[in-house]
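Just so it is clear: chains get the letters A, B, ... in the order the sequence lines come, proteins before strands, and each one is counted from 1.
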There are 2 protein chains.
Amino acid sequence: MRDTKPLAPVHTAVALFTIQGTLKLLLLPGEPWRLPGARLKEGESLDACAQRALGEATGVGDVFLEQLYTFTASDRAPGVVVSYYALIPYDRVQICAGSGEWVDPAHWPPTAPGLRQIIDCAAERLVAKLEYAPIAYQFLADRFTLGELQSVYEVIGRRSLDKRNFRRRLRASQHLLETHDTRRGARHRPARLYRLRETEPSIRG
Amino acid sequence: MRDTKPLAPVHTAVALFTIQGTLKLLLLPGEPWRLPGARLKEGESLDACAQRALGEATGVGDVFLEQLYTFTASDRAPGVVVSYYALIPYDRVQICAGSGEWVDPAHWPPTAPGLRQIIDCAAERLVAKLEYAPIAYQFLADRFTLGELQSVYEVIGRRSLDKRNFRRRLRASQHLLETHDTRRGARHRPARLYRLRETEPSIRG
DNA sequence: ACAAAAGTGTTCCTGTTACACCCATGT
DNA sequence: ACATGGGTGTAACAGGAACACTTTTGT
């Protein structure tokens, strides 16, 4: 309270991912390209601020979101940036259409300095977390086939998986809830549809 | 830039751990008990701010430190708290003597709200990270015996380990550098001393 | 009929666990 | 001499990886 100078702006920045054939990241047009972001309002929680940033930039709401890391704002800009990553199912992607561009996070266009570390950090976390947390489901619609789920793992992990081992492992994970419906219409055998078994998310904040 | 109101104080808070028989956390006396912390200065990096917080509170410097999570400051206090955990070897503990109290992080005295989540988060991370990152060494002196190292794992993991399996596993990890010295003086066979093999730390910020 | 993804078990291999005794020292 | 932690190998077990064929549909 003895000094008012070190008051600094707090921003959130959100790396929004989806899967469209391959893993894609949303960048907002501009010079340079940006991530969705917002300045923290008084009385607002960081999570809420990140959700708001996403909503303002793309119109989507109620998105899976997780805090990544907090950086000191790049260059000599004062303040800090609390980075998040967010995942959105492929069937909600169109909502973001027009608000930005979906790019491959590995080779993206020139962006502001400081974005690179956020994006790398996010991609890294995504790969790591895939193996021990049920986040793959966040890329899928409410009901999905095991083939779709496997494809998510393959795309993010950048390697192909054995179908039988995959199914055994996933069934053992207890996250799957089998429905009695199937998806038909493709020119092959219909695929059983599954749901994510709802469970209490572990608390962090 | 259109609004100056949402400028908010940014603080760091550091949960400093050591091992003294059991895992111990440093709390600073007061009503309520606090963690070492500091307000972010202009132009200062978050890591530097956390190091400074630790230095000002205890006098120690050059400590292993890692960012944990960023919380919105508890209650209705504005601003954010970037939490860190830090590890200090047992042979440097005395430096902190007088500046605070070493308590068991599981059942500690009443503290300010908001501390609990930081401490829990830190303890959780510590246990998890022990299994895949060479952080146990941070609790030990420059040179150490395998017995000491095993004891660190046992204390943090809260379970006893098999001596032979432990040694096999650790030797395979490539983190150990055998010295030609032994530690003697105890009334048993002298123990070989090891060093941590220096390696490039992976970058995060 | 054919193309295309769904679905299903078994074998092998590798890495993890369990376990008991002798050694070198200080007192 | 004895108490104390240091030091060493092997056998059982479990979890992960490799692998091929039949089924059901749409065209």
Side-chain angles (χ1 to χ4, degrees), chain A residues 19-22 90 127-128 130-134 136-137 139-141 143-195, chain B residues 19-22 90 127-128 130-134 136-137 139-141 143-195:
Chain A
I19 288 186
Q20 288 269 63
T22 160
Y90 65 86
V127 174
L130 191 69
E131 317 232 301
Y132 65 91
Y137 308 94
F139 289 109
L140 297 173
R143 303 194 304 170
F144 50 87
T145 70
L146 291 184
E148 291 168 342
L149 185 57
Q150 179 172 348
S151 154
V152 170
Y153 277 83
E154 290 180 330
V155 161
I156 298 181
R158 293 174 178 279
R159 63 194 168 126
S160 61
L161 300 172
D162 180 85
K163 205 203 297 190
R164 283 172 286 192
N165 292 338
F166 178 79
R167 288 161 116 91
R168 189 183 11 259
R169 183 158 60 86
L170 268 277
R171 261 195 281 261
S173 80
Q174 303 289 335
H175 292 305
L176 288 178
L177 208 57
E178 189 173 340
T179 74
H180 292 289
D181 274 335
T182 56
R183 172 168 302 159
R184 53 175 58 239
R187 66 180 200 271
H188 56 76
R189 177 169 171 176
R192 167 132 284 139
L193 288 169
Y194 291 81
R195 244 177 230 290
Chain B
I19 289 186
Q20 288 267 62
T22 161
Y90 66 86
V127 174
L130 192 69
E131 318 232 303
Y132 66 90
Y137 308 94
F139 289 108
L140 298 173
R143 301 193 305 170
F144 50 86
T145 70
L146 290 184
E148 291 167 342
L149 185 57
Q150 179 171 351
S151 154
V152 170
Y153 276 84
E154 290 179 332
V155 161
I156 298 180
R158 294 173 178 281
R159 63 194 166 126
S160 60
L161 300 173
D162 179 87
K163 204 203 297 189
R164 285 174 285 191
N165 293 339
F166 178 80
R167 289 161 116 90
R168 187 179 15 252
R169 184 157 60 87
L170 267 278
R171 260 194 282 262
S173 80
Q174 303 290 334
H175 292 306
L176 288 179
L177 208 57
E178 190 172 340
T179 75
H180 292 289
D181 274 336
T182 56
R183 173 168 304 159
R184 54 176 58 240
R187 66 178 198 275
H188 56 74
R189 178 171 169 176
R192 166 132 287 139
L193 289 170
Y194 291 81
R195 241 177 231 291

Atom CG in A:Leu149, atom CZ in A:Phe166: separation rounded to 0.5 Å? 4.0 Å
On DNA chain C, does the nearest nucleotide to B:Pro190 precede the nearest nucleotide to A:Thr145 from the 5' side, or the other way round? Give the residue. A:Thr145
Sorted by chain and number, sequence neighbours left out, ring pair (Phe, Tyr, Trp, His ring centres under 6.0 Å) with B:Tyr194 holds for none
Judged by nearest nucleotide, the residue sitting upstream toward the 5' end of DNA chain C, A:Thr182 or A:Arg187, is A:Arg187
Just distance, no hydrogens or angles: give the donor-acceptor pairs under 3.5 Å from side chains in residues 151-159 of chain B, sequence neighbours left out.
unit_1   : atom_1 : unit_2   : atom_2 : d
B:Glu154 : OE2    : B:Gln150 : NE2    : 3.1
B:Glu154 : OE2    : B:Leu161 : N      : 2.9

Can you name the residues that form a ring pair (Phe, Tyr, Trp, His ring centres under 6.0 Å) with A:Phe139, not counting sequence neighbours? none
Results of side chain to side chain donor-acceptor pair (under 3.5 Å) for B:Arg195 - residues two or more places apart only: B:Asp142
Taken to the nearest 0.5 Å, the spacing of A:Leu170 CG from A:Leu176 CG works out to 5.5 Å
Sorted by number, the residues of residues 149-167 of chain A with heavy-atom contact under 4.0 Å to DNA chain C: A:Lys163, A:Arg164, A:Arg167
What is the first contacted nucleotide of DNA chain D and what is the last, in 5' to 3' order, if contact means an atom lying under 4.0 angstrom from a heavy atom of chain B? D:dA3 to D:dT10
On DNA chain D, nearest-nucleotide positions of A:Arg189 versus A:Arg169: which is more 5'? A:Arg169
Do any pairs count as a salt bridge (charged side-chain N to carboxylate O under 4.0 Å, His left out) and have a residue in residues 160-170 of chain A, sequence neighbours left out, and if so which ones? none
Counting only pairs under 3.5 Å, give me each side-chain donor-acceptor contact of residues 180-187 of chain B, with atom names and distances, residues two or more places apart or in other chains.
unit_1   : atom_1 : unit_2   : atom_2 : d
B:Asp181 : OD2    : B:Arg143 : NH1    : 2.7
B:Arg183 : NH1    : B:Glu148 : OE1    : 3.4
B:Arg183 : NH1    : B:Glu148 : OE2    : 2.2

Sequence neighbours left out, what passes ring pair (Phe, Tyr, Trp, His ring centres under 6.0 Å) with A:Tyr90? Give chain and number order. none
Partner residues of A:Glu178 under the side chain to side chain donor-acceptor pair (under 3.5 Å) criterion, sequence neighbours left out: A:Arg192
Remember a base hit wins even if backbone is also touched, and classify B:Arg183 as base, sugar-phosphate or nothing at under 4.0 Å, heavy atoms. nothing
Interface limits on DNA chain C, where chain B has a heavy atom under 4.0 Å of a nucleotide atom: C:dT17 to C:dG26
